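Letters go in sequence order (proteins before strands), and every chain restarts at 1. Only this structure's heavy atoms are used, side chains among them; waters, hydrogens and symmetry mates stay out. On a predicted model such as this, the values are computed, not experimentally measured, just so you know.
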Amino acid sequence: MCGRFTIILPPEVLAEIFGLPELPRIEARYNIAPTQEVVVIRQNAEGLRQLVTMKWGLIPSWAKDPHIGNKLINARCESVHEKPAFRQAICTRRCVIPASGFYDWTHTDKKIPFYVSMADGSPMAFAGIWDSWKAPDGSRLESFTILTTNANSLIAPIHDRMPVILHPAEFDLWLDRDITEPEKLTRLYQPYPSDLLRAWPVSSLVNSPRNETPACIEQTVS
DNA sequence: CCAGACGTTGTT
DNA sequence: GTCTGG
DNA sequence: CCAGACGTTGTT
DNA sequence: GTCTGG
């Protein structure tokens, strides 16, 4: 699944691959955890892409207690079109979460964290959905969740789920607000090809969200 | 009708 | 054991 | 996802 | 908001 990730991308690279109209101001993050503020990309009604900051953990618009978002950090692709918390968002409020890689923990043997990134070091793009929650004081809180799918052969030994990773050619379709038919979207939910990814073990430093240094992604040698 | 849930993960 | 917070 | 808390009272 | 369960 996806419960921790990184974004270490120069603004130029981010703007280029995601087709942003302006250079974003973005800093490197080595250990992004649920509940934190994260930049995501969505498209406005005019088709213009924008980088916006949202909280990780989707709070449905109808939620009475926003803490529900702490649990909704992932949405299973197999059920995202049916679940009450997600089915509206999946039709009209899709987003892409730019990343460099994500972490996964093994549970067989000892709990060992792994870092997964693109084999060629290029940016990674998670498929996500977002919602807007109205607080009692009238303010708005935007939040998102990351879709998950079955693990591919590279990830499977670590974990049975992985995030839905989009190919650059799929960004237009995913972000198009006029496309609402599930059958046009479900084909994007396939596990990303193993040969385009790489994975290596990392130190347990990453376990605590308080540690946010480059050492989090360094390969451990045994 | 109203009340209560609405989610994922992993582990057993 | 289970929930909250990051 | 993992780490860390997990409680009440009264007083400052 | 919308569905399920009582």
**Prompt:** Does anything in residues 181-194 of chain A reach DNA chain D, meaning a heavy atom under 4.0 Å, and if so which residues?
**Reply:** none
**Asked** Is the gap between the ring centers of A/Phe5 and A/Phe126 under 6.0 Å?
**Response** yes
**Asked** With ring centroids as reference points, do A/His81 and A/Phe86 lie under 6.0 angstrom apart?
**Response** no
Can you check the distance between [N] and [M], where both ends of the measurement are the [atom1] atom (answer in whole Å)?
N: D/dT9; M: B/dC2; atom1: P; answer: 37 Å
N: C/dC3; M: B/dA5; atom1: P; answer: 13 Å
N: D/dT8; M: B/dC6; atom1: C1'; answer: 34 Å
N: C/dT2; M: D/dG10; atom1: P; answer: 32 Å

Counting neighbours of [atom1] on [X] that are heavy atoms of other residues, nucleotides or ligands and sit closer than 6.0 Å, is the number greater than 12?
X: A/Gln36; atom1: CD; value: yes
X: A/Glu183; atom1: CD; value: yes
X: A/Glu181; atom1: CD; value: yes
X: A/Arg25; atom1: CZ; value: no

**Asked** Does E/dT2 pair with anything, Watson-Crick or G-U wobble, both distances under 3.5 Å, and if so, with which nucleotide?
**Response** B/dA5
For the pair made of [atom1] in [X] and [atom2] in [N], what is the distance, rounded to whole Å?
X: A/Gln36; N: C/dG6; atom1: CD; atom2: P; result: 9 Å
X: A/Arg161; N: B/dT9; atom1: CZ; atom2: P; result: 5 Å
X: A/Trp56; N: B/dG7; atom1: CH2; atom2: P; result: 19 Å
X: A/Ile68; N: E/dG1; atom1: CD1; atom2: C1'; result: 13 Å
X: A/Phe102; N: B/dT9; atom1: CZ; atom2: P; result: 13 Å
X: A/Ile129; N: B/dG7; atom1: CD1; atom2: P; result: 11 Å
X: A/Ile146; N: B/dT9; atom1: CD1; atom2: P; result: 12 Å
X: A/Ile90; N: B/dG7; atom1: CD1; atom2: P; result: 13 Å

**Asked** Are any of the side-chain nitrogens in A/Glu78 or A/Arg161 under 4.0 Å away from the carboxylate oxygens of its partner?
**Response** yes
**Prompt:** Are A/Asp176 and A/Lys184 within salt-bridge range, i.e. N to O under 4.0 Å?
**Reply:** no
**Prompt:** Within the pair A/Thr148 and B/dT8, is there a side-chain N or O less than 4.0 Å away from OP1 or OP2?
**Reply:** no
**Message:** Mind checking if A/Phe86 touches a base, just sugar-phosphate, or nothing, with heavy atoms under 4.0 Å?
**Reply:** sugar-phosphate
**Message:** Does A/Ser61 reach a base, just sugar-phosphate, or nothing at all? Heavy atoms under 4.0 Å.
**Reply:** nothing
**Asked** Picking from A/Asn70, A/Asp65, A/Leu72, what satisfies side chain to side chain contact (heavy atoms under 4.5 Å, CB included) with A/Ile68?
**Response** A/Leu72
For nucleotides 1-6 of chain D, which of its nitrogen or oxygen atoms have a protein nitrogen or oxygen under 3.5 Å away, and what is each distance?
| unit_1 | atom_1 | unit_2 | atom_2 | d |
| --- | --- | --- | --- | --- |
| D/dC1 | O2 | A/Arg4 | NE | 2.9 |
| D/dC1 | O2 | A/Arg4 | NH2 | 3.0 |
| D/dC2 | O4' | A/Arg4 | NH2 | 2.9 |
| D/dC2 | O3' | A/Asn207 | O | 3.3 |
| D/dA3 | OP1 | A/Asn207 | ND2 | 3.3 |
| D/dA3 | OP2 | A/Lys111 | NZ | 3.4 |

Give every pair of a protein N or O atom and an N or O atom of nucleotides 3-5 of chain E that lie under 3.5 Å apart, one pair per line with the distance.
none

**Asked** Using 30° and 60° as the class limits, which term best fits the ring planes of A/Trp174 and A/Tyr189: parallel, tilted or perpendicular?
**Response** perpendicular
**Asked** With distance as the sole test, does A/Thr145 use its side chain to make a donor-acceptor pair with the main-chain N or O of A/Ile73 at under 3.5 Å?
**Response** yes
**Partner of A/Tyr103 under ring-ring contact (aromatic ring centres under 6.0 Å, His included), chosen from A/Tyr30, A/Trp200, A/Phe114, A/Tyr115** = A/Tyr115
